[in-house]
Each structure stands twice: as structure tokens, then as C-alpha cells.
Amino acid sequence: MTFPIHRYRRLRQSEGILRMVRETTLSIDDLIEPFFVCEGSGIRQKISSMPGVCRLSIENLVSEVKESYSLGIPAVILFGIPSKKDELGSEAYKQDGIIQRAILEIKNAIPEIIVITDVCIDEYTNHGHCGVVEDGKILNDATLELLSKMALTHAESGADIIAPSDMMDGRVQKIRATLDETGHQDKIIMSYAAKFASAFYGPFREAADSSPQFGDRCSYQMDPANTNESIKEVIQDIEEGADIVMVKPALSYLDIISKVRSEVNVPVAAYNVSGEYSMVKAASQNGWVDGERVMMEVLISIKRAGANMILTYFSREAAKLLNR
Ligand code: PBG
């Protein structure tokens, strides 16, 4: 019996005390803001399932990224929406593809911002799968060739961090080797190492128009029921050369983030994905929850679980609050 000697409420008496004993903090440095970039000019097209998020043509993207950087956000991640899609996603690895041009323009305007690129062909293929399709199957090794070509064009355009999100086996090794052979040994790889086959990607697929046209992603993304497998995936990606590993989604996988954090000693990123964002926005628009407070609680929970950085569509709103 420790009461009345120990009264935990002593340390909750005032904002000053709360600040002193707070165990987890969220900083603007933790935030990575995702952007959707499309062809054309003057485009700022709202995504209905993601209030506040737009598809932007390159010049609008650059001005948005400038604003994010001025708020203190250190990094952005780019997703491309090409004007044409084909069987092999050839727009993904064209020297003058949408992402390649976007990187150049961003780096021209704001050289200090860290540009991360998503490496995966699903936004560029007409079937919407993350790999080469043959007889209804997604081929692993044939896909590696395309991914490494894509990664190389991103590196050549000036991307700082390459983030493969396809979940093919051996992609980190292949991309690392390709980058090293071409003089890009300093480019960082942030691998979507534990990426689950999640329904929380729904709004993203509307935004990027990347829903699979047949079947699902369960033959390459992970089963949400598996923990040990996620640790194997993470460790293997580190062995293959990943500098940073990611867990995705974040909220329903806080246990995975925590486990990964304790098993490895590289930085861990977590992706607070589109569906997690949309749920908060929808409930908040209905007046069912206090959107701002829920947002901050969500982000701190991801930090508390052990993430060192968070990819989140809330980046800008959170940065504004943190700057206050
Ligand atoms: C694949 C990719 C996806 C997301 C990030 N990279 C979609 C998918 O795997 O279907 C989802 C991100 C989100 O939902 O916010 N290019």
C-alpha cells in the first residue's frame, strides 16, 4: 500500500509540471508530408475522401512544398499520377516522368528540403498492381528490374531518399546495388519493410487512381495478423541495405512499431496512412470528435510506440499547432 505516500496526481498539477515529466514529445522534425503530383498546369484538384489534400501540378506542388518548409517540416514524400498507364508502368522510370520533373523543380526552388520518393509501379500500371503481371500472377524478380530503374531515375533527378513500397522480395538489395554501381552510394533507402495488406489505403487509391483491377495485394503485402513475419521482413531489409525501415499503416499496428523499435537499431518510420487520416477528418467534420485533439493524440501515440518519424497527411496542421 503506497497511498497516501505516493500520489500520482502531484505530478499532474500544472502545465509546467506536466511539461517537465512528459515522456514523449512530438516535434516538427518528426514529420514527413506526402504529396500527390499530376501532369498539367494550374491543377489543384481536391481528393474527396481526404479533405485538405489535393492533387497538384508541378508548379503548385513547388509552392506548397515551400510553405511546408517554411513551417519547419524537414521532408516530403512524393507520389506521381501519370497521364497514361500501361502494362509495365513505363511512365514510372522515364527520365522526364512526372516525379523526375517534380524532384528537379522542388530541388531547384528549395534545395534544403529532403525529398523522399515512393518507388512502386502501381500508380503507373493499367492493372494497378505493384509488379509485372503474367497470367494473373505478380512476378517478383522481373519487377525488381523496373524498380531499380525507377529508383535510379529518382536518384539522378536529385531525390535524397528512395522509399520502395512494392513488397517484392529482394528489392532493397537490388536497388542498393544499382545505386552503388552508378555513383549514388550516398542515397538513403527508407524501406517500407513491414507493409500490411490494409483496407486503410482506400482513400490513397482514390487519390492515386491505383486500385488493383483484379484480385488484391495479399500475395505481396503482409497479412495483418502476423507479427513475427514483420520482424523477419524488417531484419532482412536492413541486411539488404535499408537505412531506415518503415511500418505501415501505423495506428492499427502500434504493437508492430513497438516491437520493431526494440528489435533493431536503425531509425524507424511509421506511415499514418490515408484511411487513418480520413477517419479523423470525417468524424471531426460530423462534430463527433475534436479533430485537432484527436490528430495530436494519434501522432503522439505513434511516437510513443517507438517511431522516430511519421509520414502523415496531418503534417502541416500539426506543424502549425506545434509552432504556436
Ligand atoms: C504504393 C503505396 C500505397 C500507399 C503508399 N504507397 C498504396 C498501396 O499499397 O495500395 C498508401 C498510402 C496511404 O494510404 O496513405 N505505391
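Not measured: the values here are computed from a predicted model.
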Are [X] and [Y] side-chain neighbours, meaning at least one heavy-atom pair lies under 4.5 Å?
X: Ser230; Y: Met222; answer: yes
X: Leu56; Y: Val37; answer: no
X: Ile162; Y: Met190; answer: no
X: His184; Y: Thr182; answer: yes

Of the non-hydrogen atoms in [X] and [Y], which two are nearest, and what is the gap between them?
X: Ile73; Y: Leu31; answer: CG2-O, 3.8 Å
X: Ile189; Y: Gly241; answer: CB-O, 4.4 Å
X: Ile175; Y: Val119; answer: CD1-CG1, 4.3 Å
X: Asp180; Y: Gln185; answer: OD1-CA, 3.4 Å
X: Asp118; Y: Ile77; answer: N-CG1, 4.2 Å
X: Pro111; Y: Asn108; answer: CD-O, 4.2 Å

Would you compute the distance between atom [atom1] of [X] and atom [atom2] of [Y] and round it to the nearest 0.5 angstrom?
X: Glu297; Y: Arg304; atom1: CD; atom2: CZ; value: 8.5 Å
X: Asn60; Y: Glu64; atom1: CG; atom2: CD; value: 7.0 Å
X: Lys303; Y: Leu254; atom1: NZ; atom2: CG; value: 13.5 Å
X: Ile121; Y: Ser210; atom1: CD1; atom2: OG; value: 12.0 Å
X: Gln100; Y: Leu78; atom1: CD; atom2: CG; value: 10.5 Å
X: Ser191; Y: Ile161; atom1: OG; atom2: CD1; value: 12.5 Å

Within the distance-only criterion (no hydrogens, no angle test), does the side chain of [X] pair as donor or acceptor with the backbone N or O of [Y] below 3.5 angstrom?
X: Asp166; Y: Cys120; answer: no
X: Asn323; Y: Ala319; answer: yes
X: Asn286; Y: Ala282; answer: yes
X: Lys174; Y: Asp169; answer: no
X: Gln213; Y: Ser211; answer: yes
X: Ser70; Y: Glu67; answer: yes
X: Thr143; Y: Val132; answer: yes
X: Asp290; Y: Arg293; answer: yes
X: Arg261; Y: Ala305; answer: no
X: Asn226; Y: Glu229; answer: no

Taking atom [atom1] of [X] as the centre, report whether more than 12 heavy atoms of other residues, nucleotides or ligands fall under 6.0 Å from it.
X: Arg10; atom1: CZ; value: yes
X: Arg44; atom1: CZ; value: yes
X: Glu59; atom1: CD; value: yes
X: Asn265; atom1: CG; value: no

Are [X] and [Y] close enough for a salt bridge, meaning some N to O gap below 4.0 Å?
X: Arg171; Y: Asp237; answer: yes
X: Lys94; Y: Glu91; answer: yes
X: Lys232; Y: Glu263; answer: no
X: Glu240; Y: Arg176; answer: no
X: Glu123; Y: Lys85; answer: no
X: Arg217; Y: Asp122; answer: yes

Item to complete: Assess the side chains of Glu206 and Ser48: does a donor N or O sit below 3.5 Å from an acceptor N or O?
Response: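 Ser48 and Glu206 do have a side-chain donor-acceptor pair below 3.5 Å.
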Worksheet item: What ring-ring contact (aromatic ring centres under 6.0 Å, His included) pairs are there with at least one residue in residues 293-324, not counting sequence neighbours?
Response: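 Residue pairs passing ring-ring contact (aromatic ring centres under 6.0 Å, His included), neighbours aside: Tyr277-Tyr313, Tyr277-Phe314.
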ring-ring contact (aromatic ring centres under 6.0 Å, His included) against [X], all qualifying residues, sequence neighbours excluded:
X: Phe36; answer: Phe79, Phe204
X: Phe214; answer: His129
X: Tyr253; answer: Phe196

Item to complete: Show your reasoning for whether side chain to side chain contact (heavy atoms under 4.5 Å, CB included) applies to Ile81 and Arg55.
Response: CA-CA 8 Å; Ile81 305 156; Arg55 297 173 172 189; 3.8 Å; yes
Is there a chain of hydrophobic side chains (I, L, V, M, F, W, Y, each step under 4.5 Å between heavy atoms) that links [X] to [Y]?
X: Met168; Y: Leu139; result: yes
X: Tyr271; Y: Met309; result: yes
X: Leu104; Y: Ile110; result: no
X: Ile32; Y: Leu251; result: yes
X: Ile231; Y: Ile256; result: yes

Item to complete: Show your working on side chain to side chain contact (heavy atoms under 4.5 Å, CB included) between Glu276 and Val298 and close with a plain yes or no.
Response: CA-CA 9 Å; Glu276 301 171 7; Val298 161; 5.5 Å; no
Discussion item. List the residues meeting side-chain contact (heavy atoms from CB on, under 4.5 Å) with Asp29, not counting sequence neighbours, and say none if there are none.
Written reply: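 Partners of Asp29 under the side-chain contact (heavy atoms from CB on, under 4.5 Å) test: Ser27.
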Practice prompt. Run the numbers on Glu156 and Gln95 for side-chain hydrogen bond (donor to acceptor under 3.5 Å, both in side chains), then give the verdict.
Written response: CA-CA 9 Å; Glu156 285 169 345; Gln95 211 62 53; 2.9 Å; yes
Item to complete: Could you go through the side chain to side chain contact (heavy atoms under 4.5 Å, CB included) check for Ile244 and Val268 one step at a time?
Response: CA-CA 6 Å; Ile244 301 170; Val268 175; over 6 Å; no
Item to complete: Take Ser68 and Phe35 through the side chain to side chain contact (heavy atoms under 4.5 Å, CB included) test and state the conclusion after the steps.
Response: CA-CA 11 Å; Ser68 300; Phe35 284 99; 3.7 Å; yes
Worksheet item: Which pairs, with at least one residue in residues 182-197 and sequence neighbours excluded, count as a salt bridge (charged side-chain N to carboxylate O under 4.0 Å, His left out)?
Response: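 For residues 182-197, and leaving out neighbouring residues, there are no salt bridge (charged side-chain N to carboxylate O under 4.0 Å, His left out) pairs at all.
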Worksheet item: Can you check side-chain hydrogen bond (donor to acceptor under 3.5 Å, both in side chains) on Glu87 and Thr125, steps first, answer last?
Response: CA-CA 5 Å; Glu87 191 69 22; Thr125 54; over 6 Å; no
